[in-house]
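Here's the structure, in structure tokens; my notes come after.
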Amino acid sequence: MSSPLRKPLIAGNWKMHLTLAQSLELARAVRDGVGDAASEVALCVPFTALALVAETLRGSRVRLGAQDLHWETQGAFTGEISPVQLVDAGATMTIIAHSERRRYFNETDEAVNKKLRAALAAKLVPILCIGETLEEREAQRTFKVLQTQLEGGLKGFAPVDLAPLVIAYEPVWAIGTGKTATPDQAQQAHLFVRKTCARLYGEGFASGCRILYGGSVKADNVDRLMAEPDIDGALVGGDSLKAASFLRIVHFQAPAAAR
Ligand code: 13P
């Protein structure tokens, strides 16, 4: 079970899905179904749905997040969205460095580092994604990849500045494939991430930093994942697009009962 120092966070990543009408319907259902869940809950929605979903979530305990941002506050960057614009639209969080951005849009650790700095400066809670491909895992390079992504992304910060940071471990081979990492595989990676954070920024930072697992988190596997000591929540793709499955994940069962 996650340490009492760390409140679990269940975040939905809607990716490039849903019309405005569908977004509204799903956001309402999540808002109305969240009840007294023990975890913090967030929806990371497409840019075009931010302002509308912000209205729907206003006054509720569900937080609103974006899925990416540009590092400049404004300027001639056609097609990009700045942290200031995200805050203006009602977001309080943002995903950074999702593997789909690293893979399809060539996002480098250097760009990730700039985005992280910009998000923190705008007081957006960053959810920094890291994770290895299947090829890297099979070549026994998982820890090396995680270490490089963490060192590159987190370069040059003071620990105090990183206090709001959330990390999401998302093995690329588990995303959208239905192949979830076993609780044991995920726990091993999370422990390595926490130890790396401790080495880079001290025990205090590492023991308070929430590390989410992402990659085929489903209503029927969340309880076992959340029973692991270093898994502090989930970043959910496909199963966040249906209220029933996402709400079941939000209301994951107390770890002790899941074992
Ligand atoms: P799936 O839950 O669809 O595997 O997606 C995970 C993910 O990429 C969340 O960011």
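Each ligand, and each atom within it, is numbered from 1 in the order the structure gives.
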Tyr169 vs His190 aromatic rings, parallel, tilted or perpendicular, using cut-offs 30° and 60°? perpendicular
Suppose we measure from atom 5 (O) of ligand 1 to each protein heavy atom; which comes out shortest, and what is that distance? Lys15 NZ, 3.3 Å
Counting neighbours of CD on Glu72 that are heavy atoms of other residues, nucleotides or ligands and sit closer than 6.0 Å, is the number greater than 12? yes
Could you check atom 9 (C) of ligand 1 against the protein and tell me its nearest heavy-atom contact, residue, atom and distance included? Glu170 OE2, 2.9 Å
Sub-4.0 Å atoms of ligand 1 with respect to non-hydrogen atoms of Ser216: 1 (P), 2 (O), 4 (O)
For Gly215, the ligand 1 atoms with a heavy-atom partner under 4.0 Å come out as 4 (O), 6 (C)
Numbered atoms and elements of ligand 1 in range of Gly176, under 4.0 angstrom, heavy atoms: 1 (P), 3 (O), 4 (O)
Under 4.0 Å from any heavy atom of Ala174, which atoms of ligand 1 are there? 4 (O)
Identify all side-chain donor-acceptor contacts of residues 8-20 below 3.5 Å with residues at least two apart in sequence or on another chain.
{"residue": "Asn13", "atom": "OD1", "partner": "Lys15", "partner atom": "N", "Å": "3.0"}
{"residue": "Lys15", "atom": "NZ", "partner": "Glu100", "partner atom": "OE2", "Å": "2.8"}
{"residue": "Thr19", "atom": "OG1", "partner": "Gln22", "partner atom": "N", "Å": "3.1"}
{"residue": "Thr19", "atom": "OG1", "partner": "Gln22", "partner atom": "OE1", "Å": "3.2"}

Counting from 1 in the order shown, the ligand 1 atoms closer than 4.0 Å to a non-hydrogen atom of Leu235 are 9 (C), 10 (O)
Check: His98 side chain, Glu170 main-chain N or O, donor-acceptor pair, under 3.5 Å: no
Scan the side chains in residues 46-55 for donor-acceptor partners under 3.5 Å anywhere in the protein, sequence neighbours excluded, and list what turns up.
{"residue": "Glu55", "atom": "OE2", "partner": "Arg58", "partner atom": "NH2", "Å": "2.5"}

Please check if any side-chain donor atom of Trp173 sits under 3.5 Å from a side-chain acceptor atom of Glu132, or the reverse. yes
With heavy-atom distances below 4.0 Å as the criterion, list the atoms of ligand 1 near Asn13. 9 (C), 10 (O)
Quick one: look up the protein heavy atom nearest atom 2 (O) of ligand 1 and list residue, atom name and how far away it is. Gly237 N, 2.9 Å
Identify the protein heavy atom lying closest to atom 3 (O) of ligand 1, giving its residue, its atom name and the separation to 0.1 Å. Gly238 N, 2.8 Å
Might you point out which heavy atoms bring Pro229 and Asp232 nearest each other, and give the distance in Å? O-OD1, 4.3 Å
